[in-house]
Amino acid sequence: MKVTHIFCITALLLFCSSCIPNKDLVYLQNKNKDAKPIEVNQSMSKPYRVQTNDILSITIKALDQKLVEMFNTSPSGQSQNDNSSQSLYFSGYTVDDHGNIRIPVLGELNVLGYTIDEIRETVEKKLLTDYFKTEARLFVMVKLAGLRYTINGEIGSTGTKVLYQDKVTIMEAIANSGDITLTGDRKNVQLIRKYSHGYETYTIDLTSASAMESTYFYIQPNDYIYIKPLKQKSWGTGTTGVQTISTIITALSLVTTAILLSKNL
């Protein structure tokens with residue numbers, strides 16, 4: 001009987017500790033009930049500065065489009081609106097190891113550490129200074145060839161993803177990847193960010209509404225997001241109450257059978 005009591009107590013403790021509580025699954029909880037609602041502040045997301053290996057899409061237009069055709073690199077027969085990652089890889093401007101891009105006629109242009117707006121202004125100024133007059137009505141558009149990030153760990157769909165948006169939150173990146181699994185640690189999401197001097201790692205708690213105030217709530221190109229597993233996964237007892245009860249009942253049945261067999265011997 002003592003063995004049975006010990007086993008029941010152990011099973012009860014295992015049940016209480018192995019189930020994943022609801023508070024660990026819900027995103028952006030306002031844990032302070034008296035606090036005011038938190039709003040996403042886009043000013044916290046600093047303008048992205050171009051790094052090596054980034055791909056830029058540069059489109060130049062004018063009143064007479066024939067005058068600027070030489071500056072646009074889209075292959076013949078390809079629409080300017082074709083924004084697939086494959087086409088942009090071949091037709092876009094890749095930032096080399098020295099931080100330069102090569103534009104037809106204009107030659108090499110250093111863009112390392114520049115924002116998208118600064119690159120647009122630089123290209124426009126160079127064109128107006130060296131080749132055109134204001135009457136040409138130049139229109140220069142510069143964009144990143146998609147916001148590329150990599151996500152791994154306890155997520156529905158791992159791998160490298162591309163979103164064609166100027167700004168992307170970490171919540172949008174996770175949703176685009178199939179959401180975090182039940183066994184994923186939402187309180188300890190790691191974000192590895194590339195800088196010119198190397199990589200830096202940050203941690204963000206997505207179960208807290210204060211995550212929206214973090215400077216890392218908005219991701220940047222080439223970010224790596226890693227979702228750690230919860231300890232419940234390694235225990236193998238189940239992620240829900242039903243699964244845990246099933247595991248405990250199975251284990252209890254095996255122990256009971258073993259005890260009965262030993263008494264009959």
Side-chain angles (χ1 to χ4, degrees), residues 18-29 40 44-46 48-57 82-90 92 94-95 143-240 242-244 247:
S18 61
C19 294
I20 301 174
N22 189 61
K23 64 180 181 179
D24 290 344
L25 299 176
V26 179
Y27 292 108
L28 306 179
Q29 302 169 56
V40 180
M44 292 181 181
S45 175
K46 297 180 180 179
Y48 177 69
R49 296 192 176 276
V50 170
Q51 303 177 40
T52 57
N53 298 321
D54 281 345
I55 301 176
L56 301 176
S57 172
D82 186 359
N83 289 327
S84 67
S85 56
Q86 293 88 350
S87 65
L88 288 171
Y89 174 79
F90 291 104
T94 302
V95 183
K143 286 185 174 292
L144 281 170
L147 199 154
R148 184 185 302 271
Y149 68 95
T150 302
I151 193 165
N152 205 355
E154 297 298 309
I155 193 74
S157 174
T158 62
T160 299
K161 315 288 182 179
V162 180
L163 287 173
Y164 297 104
Q165 298 175 214
D166 292 330
K167 289 182 180 292
V168 176
T169 68
I170 192 169
M171 298 293 295
E172 290 174 311
I174 289 171
N176 184 61
S177 305
D179 200 10
I180 298 175
T181 64
L182 284 176
T183 54
D185 190 353
R186 291 162 174 79
K187 291 185 176 181
N188 192 23
V189 176
Q190 285 192 328
L191 188 147
I192 302 173
R193 181 160 292 174
K194 178 184 176 184
Y195 292 99
S196 57
H197 59 270
Y199 291 88
E200 293 185 9
T201 303
Y202 310 99
T203 300
I204 184 169
D205 179 3
L206 293 181
T207 66
S208 173
S210 61
M212 293 187 290
E213 296 178 326
S214 171
T215 54
Y216 313 111
F217 189 67
Y218 285 91
I219 67 171
Q220 291 186 0
N222 306 312
D223 275 356
Y224 181 91
I225 304 169
Y226 177 63
I227 314 296
K228 293 182 177 180
L230 290 167
K231 56 186 177 182
Q232 282 87 343
K233 181 175 182 179
S234 60
W235 290 351
T237 54
T239 56
T240 64
V242 173
Q243 292 176 348
T244 302
T247 303

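Note that the coordinates shown come from a computational prediction; the quantities given were computed from them, not determined experimentally.
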J.: Once ring-ring contact (aromatic ring centres under 6.0 Å, His included) is applied, do any residues pair with Y27, and if so which ones, sequence neighbours excluded?
T.: none
J.: Is the shortest heavy-atom distance from the side chain of K194 to the side chain of Q51 under 4.5 Å?
T.: yes
J.: From I170 CD1 over to S214 OG, what is the distance, rounded to the nearest 0.5 angstrom?
T.: 8.5 Å
J.: Between the side chains of Q190 and T203, does any donor sit under 3.5 Å from an acceptor?
T.: no
J.: Is it true that a side-chain atom of Q220 and a backbone atom of Y48 form a donor plus acceptor pair closer than 3.5 Å?
T.: no
J.: When you check the side-chain N and O atoms of D54 and N222, is any donor under 3.5 Å from an acceptor?
T.: yes
J.: Find the distance between CD1 (I180) and CD1 (I227) and round it off to the nearest 0.5 Å.
T.: 4.0 Å
J.: Report the residues that fulfil ring-ring contact (aromatic ring centres under 6.0 Å, His included) with Y195, sequence neighbours left out, ordered by chain and then residue number.
T.: H197
J.: Might you point out which heavy atoms bring G146 and V162 nearest each other, and give the distance in Å?
T.: CA-CG1, 3.8 Å
J.: Under 3.5 Å, is there a donor on one side chain and an acceptor on the other for T207 and Q29?
T.: no
J.: Got a donor-acceptor contact below 3.5 angstrom from the R186 side chain to the V26 backbone?
T.: no
J.: Looking at residues at least two apart in the chain, or sitting in another chain, which of them share a side chain to side chain contact (heavy atoms under 4.5 Å, CB included) with Y149?
T.: I151, K161, L163, A173, N176, S177, I219, I225
J.: I'd like to know if the side chain of N188 reaches the main chain of D185, judged simply by a donor and an acceptor atom lying under 3.5 Å from each other, with no hydrogens or angles considered.
T.: no
J.: Working note: I204 + L191, criterion side-chain contact (heavy atoms from CB on, under 4.5 Å); need CA distance, chi angles, decisive distance, verdict.
T.: CA-CA 8 Å; I204 184 169; L191 188 147; 5.6 Å; no
J.: Take I174 and L206 through the side-chain contact (heavy atoms from CB on, under 4.5 Å) test and state the conclusion after the steps.
T.: CA-CA 11 Å; I174 289 171; L206 293 181; 3.3 Å; yes
J.: Salt bridge or not between R193 and D223? Use side-chain N to carboxylate O under 4.0 Å.
T.: yes
